[in-house]
Amino acid sequence: MRIAVTGSIATDHLMTFPGRFADQLVADQLHTVSLSFLVDNLDVRRGGVGANIAFGMGQLGTSPILVGAAGSDFQEYRAWLDRHGVDTASVRISEVLHTARFVCTTDADHNQIGSFYTGAMSEARLIELKSVADRVGGLDLVLIGADDPEAMLRHTEECRSRSIPFAADFSQQIARMNGDEIRILLDGATYLFSNEYEKGLIESKTGWSDEEILSKVGHRVTTLGAQGVHIERAGQDPIEVGCPEEERKADPTGVGDAFRAGFLSALAWGVSLERAAQVGCMLATLVIETVGTQEYQLRRAHFMDRFTKAYGDDAAVEVRRHLA
């Protein structure tokens with residue numbers, strides 16, 4: 001099963017200021033702020049929802065095709081993804097823009113000042129899925145993740161016109177989209193991914209009820225944080241899957257991306273929806289226990305031991321043969 005993952009490719013530059021931002025602000029001078037913070041440390045992490053999801057799928061051995069745009073500074077990041085089983089040949093490299101970047105400083109009170117540079121991500125709208133499909137011999141599913149909004153719309157329309165099944169995953173871009181755009185992006189999707197808050201936002205912005213949305217998509221997959229995941233299909237009983245027990249909670253960033261990576265990989269294996277949700281929840285648990293969205297290690301024996309403990313021997317037998 002050939003799965004293309006479209007979405008943002010970015011790096012995160014995260015800094016820590018040991019003081020408090022509030023102590024540096026002068027109330028009657030806020031109209032002319034000019035501040036510089038001496039920070040203690042800098043973490044540079046690989047990120048972007050498209051790259052995060054593709055990385056997880058690569059770890060599970062399903063050879064995802066990453067579709068997105070990056071800058072000429074992408075070489076090291078590309079090599080990392082290539083080493084971890086991701087097909088990066090369809091990533092567009094901008095001749096003039098840098099790879100998208102999030103720069104954020106956090107103070108002692110956990111307040112944050114951040115900026116997101118879209119950079120090369122804006123060129124994702126220039127990518128044609130047909131050229132990707134021709135290169136790999138066809139596409140069985142396209143995940144349309146958070147990216148340049150025009151790119152998301154173009155990829156969705158192209159999937160419809162070429163009869164390529166697609167999964168809609170608005171993620172953080174839902175905040176800037178209006179109801180008309182969301183209706184276009186979800187109508188006809190084989191899978192609609194969201195968390196519980198985004199689920200309500202989709203219904204609010206589109207004006208469609210839960211039942212109306214279910215009539216327009218094949219499956220509605222809603223992640224529920226520590227409570228797991230809920231999968232709905234029109235006219236069928238819902239599927240509910242809980243999360244494995246966490247060993248620790250280090251960093252929630254990228255947990256949703258990891259769930260999607262596990263879920264899509266299991267679909268590529270041909271297992272049931274319930275089993276796919278279990279694999280997604282297991283991978284998400286590994287990510288929440290690790291600082292960084294792509295810093296976890298998938299050790300097969302460890303993965304299967306914890307998967308067996310969470311979901312039982314029958315589930316483990318079905319999944320183990322795909323991880324061997």
Side-chain angles (χ1 to χ4, degrees), residues 1-3 5 49 51-64 81 83-86 140-141 143 145 167 169 190-191 193-196 219-233 236-324:
M1 186 175 183
R2 292 177 293 272
I3 299 177
V5 177
V49 298
N52 289 342
I53 295 170
F55 174 84
M57 295 178 68
Q59 289 277 72
L60 289 166
T62 49
S63 303
L81 293 171
R83 290 197 305 272
H84 289 86
V86 178
D140 299 301
L141 181 69
L143 174 78
D169 184 15
T190 304
Y191 301 94
F193 290 100
S194 70
N195 61 32
E196 201 167 16
H219 307 78
R220 190 170 195 184
V221 183
T222 307
T223 55
L224 308 173
Q227 281 66 54
V229 61
H230 183 81
I231 302 175
E232 299 171 278
R233 295 163 294 175
Q236 299 189 44
D237 292 335
I239 297 171
E240 296 186 356
V241 170
C243 283
E245 184 178 349
E246 299 167 358
E247 293 181 352
R248 65 181 186 131
K249 185 174 290 187
D251 182 4
T253 309
V255 169
D257 298 337
F259 170 81
R260 288 149 175 76
F263 185 88
L264 293 172
S265 294
L267 290 181
W269 297 338
V271 300
S272 67
L273 287 171
E274 180 184 17
R275 207 67 74 233
Q278 291 169 346
V279 174
C281 288
M282 186 69 253
L283 196 65
T285 301
L286 296 184
V287 172
I288 204 170
E289 295 171 351
T290 309
V291 176
T293 59
Q294 298 180 28
E295 304 305 317
Y296 61 97
Q297 293 184 345
L298 200 158
R299 302 187 304 275
R300 265 58 177 177
H302 175 256
F303 184 97
M304 287 312 309
D305 285 347
R306 296 186 63 182
F307 187 89
T308 304
K309 180 180 178 182
Y311 301 117
D313 291 332
D314 290 344
V317 167
E318 190 174 350
V319 168
R320 183 176 288 111
R321 64 173 174 265
H322 298 289
L323 285 175

Any side-chain heavy atom of [X] within less than 4.5 Å of one from [Y]?
X	Y	answer
Thr253	Ile288	no
Trp269	Thr62	yes
Val221	Phe259	yes
Ile3	Asp140	no
Thr285	Met282	yes
Cys281	Phe263	no
Leu264	Leu141	yes
His322	Leu60	no

Nearest non-hydrogen partners of [X] and [Y], listed with the distance:
X	Y	value
Val287	Gly292	CG1-O, 4.5 Å
Gln278	Ala315	OE1-CB, 3.7 Å
Pro64	Met57	CG-CB, 3.6 Å
Leu283	Gly262	CD2-N, 3.8 Å
Arg320	Thr308	NH2-OG1, 3.8 Å
Ala250	Val291	CB-CG2, 4.0 Å

Nearest 0.5 angstrom please: [X] [atom1] to [Y] [atom2], how far?
X	Y	atom1	atom2	answer
Asp257	Ile53	CG	CD1	4.5 Å
Glu196	His230	CD	NE2	9.5 Å
Leu323	Leu298	CG	CG	7.0 Å
Gln236	Leu273	CD	CG	9.0 Å
Asn195	Leu224	CG	CG	9.0 Å
Arg275	Leu267	CZ	CG	13.0 Å

Exercise for review: Please lay out, stage by stage, how His84 and Gln59 fare under the test side chain to side chain contact (heavy atoms under 4.5 Å, CB included).
Suggested key: CA-CA 6 Å; His84 289 86; Gln59 289 277 72; 3.6 Å; yes

Exercise for review: Give the intermediate values and the outcome of side chain to side chain contact (heavy atoms under 4.5 Å, CB included) for residues Tyr311 and Val241.
Suggested key: CA-CA 9 Å; Tyr311 301 117; Val241 170; 3.9 Å; yes

Check your understanding: How far apart are the C-alpha atoms of Phe55 and Val5, what are their side-chain angles, what is the distance that settles it, and do they pass the side chain to side chain contact (heavy atoms under 4.5 Å, CB included) test?
Key -> CA-CA 10 Å; Phe55 174 84; Val5 177; over 6 Å; no

Exercise for review: Go through Val319 and Val279 one step at a time and tell me if the side chain to side chain contact (heavy atoms under 4.5 Å, CB included) criterion holds.
Suggested key: CA-CA 8 Å; Val319 168; Val279 174; 3.9 Å; yes

Exercise for review: Flag the pair Tyr296 / Phe303 as yes when their ring centroid distance falls below 6.0 Å, and as no otherwise.
Suggested key: no

Exercise for review: Establish, from distance only, whether the side-chain atoms of Asn52 and Thr293 form a donor-acceptor pair under 3.5 Å.
Suggested key: yes

Point to revise | Side-chain ion pair, Arg306 and Glu289, N-O less than 4.0 Å | key: yes

